[in-house]
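Counting convention: from 1, in listed order, for ligands and their atoms alike.
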Amino acid sequence: MRRAVCPGSFDPVTNGHLDIVQRASTLFDEVVVAVGVNQSKNRLFNAEERIAMLEQACAPFPNVRVDGFKGLLTSFCQEHGIHAIVKGLRAVSDFDYELQMAQMNSSLTDVETVFVPTSPEYSFLASSLVKEVATFGGDVSGLIPDFVNTALLARLAERAAQSGGA
Ligand code: PNS
């Protein structure tokens with residue numbers, strides 16, 4: 001069984017993430033989308049919400065499942081018998097940090113990182129930018145699944161109401 005992990009924060013999942021997951025699902029027998037649930041103050045969606053969104057978005061891919069992980073990614077790989085980490089590379093600027101992480105991860109356990117070039121139409125896409133653009137009223141439909149866009153707009157409206165009422 002060739003099993004790979006697609007790790008990330010996915011706050012929220014974008015069409016760029018899903019493109020990488022879908023392509024990874026054609027390269028491996030099983031793909032685990034691993035949602036990092038380490039504590040961070042800056043998340044818009046909590047771990048359960050991010051996992052639920054990925055489960056819905058990945059439902060069309062029969063050999064993909066979604067899980068959360070805490071701590072080191074390499075520990076998750078060891079616990080799940082995973083020897084490949086799939087990462088999307090959008091641009092050369094992604095490469096330095098991704099290479100460093102790949103080398104660190106392979107020094108920690110028996111795992112290879114497989115870099116998949118992002119499809120050109122998603123090369124500018126990042127969850128952080130999606131959130132920023134949507135916060136200021138920009139249209140991000142087409143960059144994220146429709147149901148994620150709905151959840152994003154609802155969450156941003158909640159946040160705006162909270163900060164307006166403070
Ligand atoms: O979507 P992101 O934020 O780029 O995902 C980063 C993630 C979660 C894949 C990365 O931060 C990670 O692997 N975190 C787990 C902690 C860990 O293993 N750190 C050592 C990396 S060499």
Q: Specify the protein heavy atom at minimum distance from atom 17 (C) of ligand 1: its residue, its atom name, and the distance to 0.1 Å.
A: Leu72 CD2, 3.7 Å
(Q) Donor-acceptor pair, distance only, cut-off 3.5 Å: does the side chain of Asn63 make one with the backbone of Ser25? (A) yes
Q: Give the numbers and elements of all ligand 1 atoms closer than 4.0 Å to a heavy atom of Phe69.
A: 15 (C)
Q.
Any heavy atom of Ser9 closer to ligand 1 than 4.0 angstrom?
A. yes
Q.
Taking side-chain contact (heavy atoms from CB on, under 4.5 Å) as the criterion, tell me which of Leu18, Ile20, Thr26 meets it with Gln22.
A. Thr26
Q: Please check if the side chain of Asp29 supplies one atom and the backbone of Arg2 the other of a donor-acceptor pair under 3.5 Å.
A: yes
Q. Mind checking whether Ile82 and Val66 sit in one hydrophobic cluster, side chains of I, L, V, M, F, W, Y counted as touching below 4.5 Å?
A. no
Q: For Glu112, look at atom CD and say whether over 12 heavy atoms of other residues, nucleotides or ligands are found less than 6.0 Å away.
A: no
Q. Taking only residues two or more places apart in sequence, or in another chain, which ones meet His80 in a ring pair (Phe, Tyr, Trp, His ring centres under 6.0 Å)?
A. Phe76
Q | Distance filter under 4.0 Å to Met104 heavy atoms, resulting ligand 1 atoms | A | 22 (S)
(Q) Could you identify the single nearest non-hydrogen protein atom to atom 9 (C) of ligand 1 and state the distance to 0.1 Å? (A) Pro7 CB, 3.8 Å
**Q.** Listed once per pair and sorted, the side-chain hydrogen bond (donor to acceptor under 3.5 Å, both in side chains) pairs that draw on residues 137-153, sequence neighbours left out
**A.** Asp139-Ser141
Q) Quick one: does ligand 1 sit under 4.0 Å from the side chain of Thr74, the backbone, both or neither, non-hydrogen atoms only? A) neither
Q: Using a strict 4.0 Å cut-off to heavy atoms of Gly71, name the atoms of ligand 1 that fall inside it.
A: 15 (C), 16 (C)
Q. When you measure from atom 7 (C) of ligand 1 to every protein heavy atom, which one gives the shortest distance, and what is it?
A. Gly8 CA, 4.5 Å
Q. For atom 13 (O) of ligand 1, which protein heavy atom lies nearest, and how many Å away is it?
A. Leu73 CB, 3.8 Å
Q: Could you tell me the residue and atom name of the protein heavy atom closest to atom 10 (C) of ligand 1, and the distance to it rounded to 0.1 Å?
A: Met101 SD, 4.4 Å
